[in-house]
> 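Could you have a look at this structure, given as structure tokens, before my questions?
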Amino acid sequence: MINISVKIIFRKMKATTEPLDTSNPEHLTFTQGALEIAILGGIRMEGLDRMRATLKIQVEHLSLRHNLDLYNDTQTEKLIRKIAERLEIGTSVAAAALTELTDELEAYRLKEIELKVQTQDKRKQLTTTERKEALQYLKAPNLIERTKEDIGKAGVIGEENNRLLMYLIFTSRKRDNPLHVISLGSSGIGKTHLQEKVAALIPEEDKLEITSLSGNAFYYFGQQELRNKLILIEDLDGAEEVLYPLREIKSKKRITKTVVVKNTKGETRTVTLTVEGPVCVAGCTTKESLYEDNANRSFMIYIDESRGQDEKIMAYQRKLSAGKVDIAAAHQLQELLKNTQRVLKPVSIRNPYAEQLQLPAIVFKPRRTNAHYLAFIEAVTFYHQYQREEETDRETGEVYINTTLEDIEEANKLMKEVLIRKSDPLNEASRNYLEWLKSWLKKEGKEEFTNQEVRKATRINPSNQKRYMVELQAYDFVEKIKGEKGKVHHYRIVEMEEYESLKQNVGGVLDQLLKVLKE
């Protein structure tokens with residue numbers, strides 16, 4: 001909506017080359033013959049389907065104030081009649097002035113919007129030295145391991161597997177089928193921090209950070225404005241309205257919406273708004289079960305809530321406070337990693353081993369998970385593009401690079417934890433509780449436990465404990481061995497080594513397949 005104040009003065013003709021003077025964006029002036037219109041406060045660039053204005057019309061000592069939408073033909077006609085009656089100006093003069101003013105403001109607004117989009121999409125031009133350093137980084141051996149270490153040096157503490165997995169997913173935004181990621185963990189555990197720190201290694205022109213956005217607003221981006229962008233959502237819990245368009249643009253790589261607008265003559269017409277992808281979407285949440293539709297399309301990263309991770313973060317905080325962290329070096333490394341992203345170019349990838357790759361049979365929803373697995377292998381290959389020889393398809397002329405066994409091996413290392421979580425019927429919180437129970441029972445030399453004993457040892461919230469126990473019993477991980485209603489219940493864990501077996505099963509399948517391919 002536009003909230004502008006317009007001052008119209010009837011005076012002698014003023015010589016000007018352009019009817020609308022935009023030299024001062026906050027004080028636009030329009031001249032037509034002896035009539036001058038001053039637009040105070042400029043105009044807003046949002047809401048192209050309306051041009052709301054507050055007008056102050058003045059002739060010598062007479063004045064008139066009126067509120068209207070300049071795109072509303074009925075309101076404009078009423079204003080023209082008021083001007084003619086109160087200020088003794090011909091209706092034809094007033095109508096011509098308002099019509100031309102509307103056209104000029106409309107053209108000015110569209111020009112400013114296009115300029116803003118072009119400015120925002122302008123990519124940084126690397127110097128010869130910057131480009132050389134970025135290419136050297138991508139061509140040097142042990143690229144994946146070096147990248148993992150340098151992400152840590154750039155300010156991401158701990159989360160070694162998660163930070164590299166997230167970085168490669170963010171890198172996939174440059175491909176036609178990018179990946180997506182959701183970070184899960186308890187409140188205040190560092191989900192947003194991890195996402196922000198890894199996103200800081202992505203060029204500013206390639207990402208869009210969202211804290212609050214309505215679902216309808218998503219359709220008003222420029223048609224190409226989001227193409228191959230990284231969309232960062234700080235808190236999915238506060239972005240429910242955009243989840244549907246995000247889900248659609250993930251799957252269909254474009255979203256459309258038909259709206260009704262009025263032209264300058266007050267005539268209504270339908271306009272189809274189209275926003276094209278593909279995009280890479282990242283978000284954080286504490287509520288795993290609430291975003292199943294979006295989660296199915298995304299990699300799920302579970303934040304490390306262990307005591308070891310706490311110690312790493314606190315040790316870094318102490319070093320930072322003591323002035324023993326080289327901030328300048330970290331910033332320099334961030335810029336280098338951004339530049340490596342800038343020199344990565346779109347390239348087709350073919351995986352000659354794809355038909356031999358299989359997921360463990362215990363993985364849930366294998367169709368979509370299999371697509372994620374293959375796409376992640378391609379993302380690793382894409383990141384190694386300057387270490388792969390380009391080939392040309394003789395029939396189609398398409399230039400491509402091939403996935404290597406090294407790419408599959410690197411992808412498997414990072415994907416094992418993801419596939420294990422995809423194979424576990426328990427959510428992360430219940431799994432963590434169960435694994436703590438196992439460790440505690442072994443430490444205490446116990447085979448059974450009561451809820452009271454566990455609460456005393458952990459100070460866990462009773463409602464959370466009850467929720468975990470309901471889920472653990474529903475999936476037969478824990479069983480009640482004695483206790484009647486109104487008395488203390490005793491429980492035991494059905495199988496102490498089930499999670500280790502799950503890990504070995506998933507990891508073993510991947511390792512065996514890779515071994516067969518190598519042989």
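Starting from 1, each residue takes its place in the sequence as its number.
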> Under the side-chain contact (heavy atoms from CB on, under 4.5 Å) test, which residues partner R388, sequence neighbours left out?
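Residues passing side-chain contact (heavy atoms from CB on, under 4.5 Å) with R388: H384, I401, T404, D407.
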> Applying side chain to side chain donor-acceptor pair (under 3.5 Å), name anything that partners N461, two or more places apart in sequence or on another chain.
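Residues passing side chain to side chain donor-acceptor pair (under 3.5 Å) with N461: S463.
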> Measure from the side-chain N and O atoms of Q385 to the backbone N and O of K345, and report whether any donor-acceptor pair falls under 3.5 Å.
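Such a contact is found between Q385 side chain and K345 backbone.
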> If only atom types and distance count, is the side chain of T458 paired as donor or acceptor with the main-chain N or O of I460 below 3.5 Å?
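Flag set: sc T458 to bb I460 pair under 3.5 Å.
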> For T128, enumerate each residue passing the side-chain contact (heavy atoms from CB on, under 4.5 Å) test, keeping only those at least two apart in sequence or located in another chain.
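Not a single residue meets the side-chain contact (heavy atoms from CB on, under 4.5 Å) criterion with T128.
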> Test of understanding: with salt bridge (charged side-chain N to carboxylate O under 4.0 Å, His left out), list the residues that count as partners of K319, not counting sequence neighbours.
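Not a single residue meets the salt bridge (charged side-chain N to carboxylate O under 4.0 Å, His left out) criterion with K319.
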> Between H180 and F299, is the ring centroid distance below 6.0 Å?
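Here the rings of F299 and H180 have centres that are no less than 6.0 Å from each other.
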> Once ring pair (Phe, Tyr, Trp, His ring centres under 6.0 Å) is applied, do any residues pair with Y386, and if so which ones, sequence neighbours excluded?
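With sequence neighbours excluded, Y386 shows a ring pair (Phe, Tyr, Trp, His ring centres under 6.0 Å) to no residue whatsoever.
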> I need the D150 CG to L333 CG distance, nearest 0.5 Å.
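D150 CG to L333 CG: 4.5 Å, rounded to 0.5 Å.
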> With a 3.5 Å cut-off and sequence neighbours excluded, list the donor-acceptor pairs that the side chains of residues 504-519 form with protein atoms.
residue	atom	partner	partner atom	Å
D511	OD1	K416	NZ	3.0
D511	OD2	K416	NZ	3.2
K518	NZ	E409	OE1	3.2

> Residues two or more places apart in sequence or in another chain: which of them pass salt bridge (charged side-chain N to carboxylate O under 4.0 Å, His left out) with E234?
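In terms of salt bridge (charged side-chain N to carboxylate O under 4.0 Å, His left out), with neighbours along the sequence ignored, E234 is linked to no residue.
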> Which residues satisfy the side-chain contact (heavy atoms from CB on, under 4.5 Å) test with T272, sequence neighbours excluded?
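Counting only residues at least two positions away or on another chain, T272 forms a side-chain contact (heavy atoms from CB on, under 4.5 Å) with T256, T258, T274.
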> Any ion pair linking K229 and D206 (charged N to carboxylate O, less than 4.0 Å)?
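No salt bridge links D206 with K229.
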> Applying ring pair (Phe, Tyr, Trp, His ring centres under 6.0 Å), name anything that partners Y108, two or more places apart in sequence or on another chain.
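Applying ring pair (Phe, Tyr, Trp, His ring centres under 6.0 Å) to Y108 gives none.
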> Considering residues at least two apart in sequence or located in another chain, which fulfil the ring pair (Phe, Tyr, Trp, His ring centres under 6.0 Å) criterion with Y373?
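Partners of Y373 by the ring pair (Phe, Tyr, Trp, His ring centres under 6.0 Å) criterion come out as none, since no residue qualifies.
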> Going by atom type alone, with no hydrogens or angles, which donor-acceptor pairs under 3.5 Å involve a side-chain atom of residues 161-172 and a protein atom two or more places apart or on another chain?
residue	atom	partner	partner atom	Å
N162	ND2	E159	OE1	2.8
N162	ND2	Y302	O	3.0
R163	NE	K148	O	3.2
R163	NH1	V156	O	3.0
R163	NH1	G158	O	2.9
R163	NH2	K148	O	2.9
Y167	OH	Q341	NE2	3.0
T171	OG1	Y167	O	2.8
T171	OG1	Q341	NE2	2.9
S172	OG	I169	O	2.5
S172	OG	L179	N	2.9

> Do N427 and E471 meet the criterion of a side-chain donor-acceptor pair at a distance under 3.5 Å?
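N427 vs E471: donor-acceptor pair found between side chains.
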> Among residues at least two apart in sequence or on other chains, which ones pass side-chain contact (heavy atoms from CB on, under 4.5 Å) with R318?
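R318 satisfies side-chain contact (heavy atoms from CB on, under 4.5 Å) with E311, M314, A315 once adjacent residues are dropped.
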> Rounded to the nearest 0.5 Å, what separates atom CG in D176 from atom OG in S348?
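Reported to 0.5 Å precision, the distance equals 7.5 Å.
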> Answer yes when R421 and E428 have at least one side-chain N-carboxylate O distance shorter than 4.0 Å, and no when they do not.
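Answer for the salt bridge query: yes.
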> How many angstroms lie between CG in L138 and CD in Q387, if you round to the nearest 0.5 Å?
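Going from the CG atom of L138 to the CD atom of Q387 covers 8.0 Å.
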